[in-house]
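Structure first, commentary second.
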Amino acid sequence: EVEGRRKDGSIFPLDLSVSEVNIGDRKIYSGIVRDISERKQMETMKDEFISTVNHELRTPLTSIQGSLGLLMAMTGQHAEEKRHKLLQLAYDNCQRLSRLVNDILDMEKIAAGKMEYQLEVVEICQLVADIVERQQSFADKFGVSFDLQFSVSAVHVNLDQDRFDQALVNLLSNAAKFSDNGGKVEIGIAMNAASDVVISIRDHGPGIPEAFRSKIFGKFAQADGSATRLKGGSGLGLNITKKIIEAFHGSVDYETEEGKGTVFIFVLPVCQAQRRA
Ligand code: ADP
């Protein structure tokens, strides 16, 4: 993308592609020039829309959520049950809406290449254990327990902790949401033959239907739309998760069997210093 100048002196954005052709000992260049003013205008409008969503929707939502949280804490156990239930309902739905808005904003940021990652070397076993412990209260709502099965310790990976947290939380909450009440989700860490670290999240839920598998990492992809109402979720989680893990030079995959369960896997390269050691 470069800037062009019209005869009247005005500047406009253009797409320029140049290719070289060798004919004998002669070199020929061909150039294709496309005026992209309209596309740029659309992109600006989209950016403005996203920024509006960000401010006009997220800011009040955060404030409503905060107020509801405070109200719930203030009324506490003394409030009559019905009032508490209503507050809880409002609070839960606010959280759901916040998650959706944040997911849409993250998706747009990734698409625009504007997602920023604060990479640092982190010990992954402790990090995973901490995240799992924090997510146990979410799993409790579905009567699901998390079980750590680490076969390694002290493994160092170069990643952004907050973004990794977001990716793992998404897999853990999916595993909890799609497990039966009383079910167990096993979280494993091991090394593979290439000395990469493999983090697995295994559930014993319904598995992923064959027809849905090719779409699973797509945007707004859900095997069963009614699951959104029942279990919450936007169908954006896995799309974002994959992009995040790929930003750490890792990959995301899964194995699934209908009626038996699913295991999602992150493969991440161990940091250079540890690899050399
Ligand atoms: P959502 O926010 O809806 O959970 P995701 O992108 O995380 O979005 O997941 C997309 C869809 O993939 C889910 O709605 C569900 O249909 C399917 N899915 C994801 N994880 C699992 C799992 N562990 N077991 C069964 N289905 C799953």
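Numbering of ligands and ligand atoms starts at 1, following listing order. Predicted model only: the values in this text are computed from it and were never measured.
- A donor-acceptor pair shorter than 3.5 Å can be found between the side chains of Q126 and D130.
- When each atom of ligand 1 is checked for a heavy atom of G235 under 4.0 Å away, the hits are 1 (P), 2 (O), 3 (O), 6 (O), 8 (O).
- Backbone and side-chain nitrogen or oxygen atoms of F212 are examined, and none is located within less than 3.5 angstrom of a nitrogen or oxygen of ligand 1.
- By the 3.5 Å distance cut-off applied to N or O atoms, I216 is not counted among the residues near ligand 1.
- Taking a 4.0 Å cut-off on heavy atoms, F217 fails to register as neighbouring ligand 1.
- Other residues, nucleotides and ligands contribute over 12 non-hydrogen atoms within 6.0 Å of the CD atom of Q149.
- Within 6.0 Å of CZ in R34 there are 12 or fewer heavy atoms belonging to other residues, nucleotides or ligands.
- Residue contacts with ligand 1: G261 is excluded, as none of its non-hydrogen atoms falls under 4.0 Å.
- The number of heavy atoms from other shown groups lying within 6.0 Å of CE (M42) does not exceed 12.
- The number of heavy atoms from other shown groups lying within 6.0 Å of CG (D8) is above 12.
- By the criterion of a heavy-atom distance under 4.0 Å, the side chain of I208, and not its backbone, is placed next to ligand 1.
- Close approach of ligand 1 to F264 is summarised as follows: ligand atoms under 4.0 Å from at least one heavy atom of the residue are 20 (N).
- Not a single heavy atom of Y254 sits closer than 4.0 Å to an atom of ligand 1.
- Through direct or relayed side-chain contacts under 4.5 Å between Ile, Leu, Val, Met, Phe, Trp and Tyr, V267 connects to V198, V263, I265.
- Listed by chain and number, the residues in a side-chain hydrogen bond (donor to acceptor under 3.5 Å, both in side chains) with S37 are D35 (sequence neighbours excluded).
- Residue contacts with ligand 1, taken as heavy atom pairs separated by less than 4.0 Å, do not involve T241 at all.
- Proximity to T262 (heavy-atom distance under 4.0 Å) selects the following atoms of ligand 1: 24 (N).
- For Q136, the CD atom sits in a packed shell: over 12 heavy atoms of surrounding residues, nucleotides or ligands are nearer than 6.0 Å.
- Each of the following atoms of ligand 1 lies closer than 4.0 Å to a heavy atom of D203: 22 (C), 23 (N), 24 (N).
- Less than 4.0 angstrom separates some heavy atom of G207 from each of these atoms of ligand 1: 25 (C).
- Numbered from 1 in the order shown, with element, the atoms of ligand 1 that lie under 4.0 Å from a heavy atom of N170 read 7 (O).
- By the 30° and 60° cut-offs, the orientation of the rings of F264 relative to F217 is perpendicular.
- Considering all non-hydrogen atoms of both residues, I244 and A167 come closest at CG2-CB, 4.3 Å.
- Heavy-atom separations between G205 and ligand 1 are all 4.0 Å or longer.
- Heavy-atom proximity to A223, at under 4.0 Å, picks out these atoms of ligand 1: 16 (O).
- Ligand 1 has an N or O atom lying under 3.5 Å from an N or O atom of Q222, backbone or side chain.
- Using a 4.0 Å cut-off to heavy atoms of K177, the atoms of ligand 1 that qualify are 1 (P), 4 (O).
- Salt bridge present: E1 and K40 bring a charged side-chain N and a carboxylate O closer than 4.0 Å.
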